[in-house]
Amino acid sequence: MTILINCFLEKDKTELWIGTDSGLFIYDLEYDTCKRIRQDPLDPYALSSHFVSALFEDREEGVWICFHQNGLNYYSPFRPFNVYYPWNEAYSIKGEVIRDICTDIYGNLWIGTEDAGVNCLEKKTGTFTNYQPVPGTRSLSHTNIRELAASGDNLWIGHVIHGIDLMDIRTRKVIKHYDLLKDAQTVKNSTVRCIKVLREGEVLVGTEDGIFRYDFLNDRFVYASQFPPFAVNCLYEDRAGKIWLGMSNRSYYFNTISNSDMYPQYDKLNTQRHNSINDACEDKSGNMWFATVEGVIKYDFQTGESLHYTVKNGMPSNVAFHILPDDNNCLWISTANGLVCLNTLTEKITTYTEAHGLVTRQFNYNSAFKDDDGTLYFGAIKGFIHFKPADVHPAAEKMDVHIIKI
C-alpha cells in the first residue's frame, strides 16, 4: 500500500507524528512501534478526515491537526479524564445513557444503563461484558436500569416497574427477582430511584412511594413505614449513622441511634417550591451538601445556617446531579452543563467541559461513584469518565485562538 506523507512533527525525543493521506501515524522511536489514527464517524475522539495536511504544536504542547477539506482537530495535552463510550469493538461498553456505577468486592466495576442493561468492566483486562434480558431464561427483567448496589457476592439491580433483580456476582447469573409492593392491595411495583447498602449491611431502596428495606429473615423487601411516604431520590449515611433522604422540595434524616427524625430548617428558607434534592453528601467538617435542580446547598448541621451556589455565583448550571468529595477539601459535582470542582475552603468553582476532554457536558442522575483508591466516576448521557482529582491541573495560561485566514 502506498501512503502519501504530507508532514512531520517531532512531538518529543521519543515520538514522531506523521501526517498522511491515510490518517495520522504516531511512531514510537524508543520501542519501534507505530500507531495509526484514522477517521471514524462513530468515534467522537477520532480524526475528522483521513487527509492530514499539516501538524503544529503550540506552547502548551497541544497539537493542531489540519486537513485538506475538513477543517482541523486539536489534541490537548490536558487529558486527566479517562473516557468510556460505546463504539464498534466487541469488548466495548454497550449503551450510552449511564444511570449508575458501583464496584464489587472483586474489584469489578458495574455500570447500569438506561438503554442497554448492565455492563461489567474487568479492570485487569479493560474489557466490558454486557448483560441484557434473554427471553425464556432467568435474566435481567429490563434493559432500563435505575440503580445498582453491590453487597458481598450480591448485585442488586433496580428497575422502573420491574422491581429488583439479584445477580450472583461469582456466576454472573440472575438468581432471584423481588417485587416492591407497598401493601397487599398494590399490584404495580414501585419505581426504584436509589439503593443504599448501609455500613451494617442493611439494604434500603428509595422509590417513588417511599422506602423499602430488605428483610433478611424472610428474603423479601418490605415497606419501611418509619420513613416519609414520599418519592425518594437519594439515600446517604453520614459518619454519625444518620440516614439522609433527598426528596422533592425537602430533605430528611433519620437517626438510627436515638430513633428520631427531622426535616432540616433550610428547606423552608432557601429552596423553591418545585425544587428537588438529587443527592446528598457530607464534607470533612461535617457540613451536609445537597445537589438540587435549583443549585447546590451547603447546610451546617450544628448552626442551621446554609449557603446556596447557583449560576449567579459561578455554577455552570442550576441543575446538579451528584456530589463526590475528594481528599483535598474539594467537591466534584456533575451538572447539566459540565463537571464542577468546588473548593470548600476558598469557595472557588472550576468547570470542566468537552474542551477539557469530556465526551459531553450533560451528566445524569444518580450516576457517580468514589472508589477506595480515590478514583471518581461520573456517568453521562454518552458514556462515563473516571479520574483521580490529583491528576486534574487546569492550564496555567489561557490562550485565545484566532482564525486569521481561510
Side-chain angles (χ1 to χ4, degrees), residues 95 99-106 108 110-120 129-237 243 245-247 254 256 365-367 369:
R99 184 67 183 200
D100 197 17
I101 303 169
C102 74
T103 191
D104 62 28
I105 59 175
Y106 303 104
N108 301 307
W110 295 87
I111 304 101
T113 74
E114 295 186 27
D115 52 345
V118 175
N119 294 274
C120 179
T129 304
N130 181 250
Y131 301 91
Q132 297 196 30
V134 179
T137 67
R138 177 176 283 180
S139 58
L140 291 184
S141 298
H142 202 273
T143 56
N144 189 345
I145 307 301
R146 295 283 96 179
E147 191 75 10
L148 298 174
S151 175
D153 289 324
N154 295 328
L155 180 67
W156 305 95
I157 305 170
H159 298 279
V160 179
I161 58 172
H162 299 280
I164 289 180
D165 291 327
L166 178 61
M167 177 182 284
D168 187 316
I169 294 173
R170 296 167 299 179
T171 64
R172 307 294 176 89
K173 302 292 185 183
V174 173
I175 58 176
K176 189 162 185 178
H177 175 80
Y178 298 89
D179 287 324
L180 297 174
L181 304 176
K182 188 173 182 180
D183 50 44
Q185 288 72 43
T186 304
V187 296
K188 177 187 175 183
N189 278 297
S190 296
T191 296
V192 175
R193 295 195 175 189
C194 54
I195 304 176
K196 180 67 176 178
V197 179
L198 303 181
R199 286 190 286 269
E200 296 297 325
E202 185 175 13
V203 180
L204 299 181
V205 180
T207 76
E208 62 182 4
D209 298 310
I211 297 292
F212 288 78
R213 65 174 181 84
Y214 178 62
D215 181 352
F216 284 90
L217 185 61
N218 298 297
D219 190 23
R220 62 174 183 166
F221 281 90
V222 296
Y223 189 72
S225 58
Q226 69 266 37
F227 293 101
F230 306 117
V232 177
N233 299 322
C234 68
L235 285 161
Y236 182 81
E237 184 180 18
I243 303 170
L245 280 61
M247 298 173 289
F254 181 81
T256 56
Y365 295 94
N366 287 353
S367 192
F369 175 75

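Remember, predicted model here, so these are calculated numbers, not experimental data.
- For the pair R213 (side chain) and V222 (backbone), a donor-acceptor distance under 3.5 Å is absent.
- Few gaps surround CD on Q226; more than 12 heavy atoms of other groups in view lie less than 6.0 Å from it.
- The backbone N or O of S141 lies less than 3.5 Å from a partner atom in the side chain of D165, making a donor-acceptor pair.
- The backbone N or O of V192 lies less than 3.5 Å from no partner atom in the side chain of E147, so there is not a single donor-acceptor pair.
- Atom NE2 of H162 is separated from atom OG1 of T191 by 9.5 Å, given to the nearest 0.5 angstrom.
- Between atom CZ of residue F212 and atom CD1 of residue I164 there is a gap of 9.0 Å, rounded to the nearest 0.5 Å.
- No side-chain heavy atom of N233 sits less than 4.5 Å from a side-chain heavy atom of C194.
- No salt bridge links K173 with D168; every basic N to acidic carboxylate O contact stays at or beyond 4.0 Å.
- Side-chain atoms of D179 and N189 form a donor-acceptor pair, as typed in the model, at a separation below 3.5 Å.
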Counting only pairs under 3.5 Å, give me each side-chain donor-acceptor contact of residues 148-157, with atom names and distances, residues two or more places apart or in other chains.
unit_1 : atom_1 : unit_2 : atom_2 : d
D153   : OD1    : Y106   : OH     : 2.4
D153   : OD2    : R170   : NE     : 3.4

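- Around OH of Y214, the count of heavy atoms belonging to other residues, nucleotides or ligands within 6.0 Å exceeds 12.
- With hydrogens and angles ignored, the 3.5 Å screen pairs a side-chain donor or acceptor of D183 with a backbone N or O of Q185.
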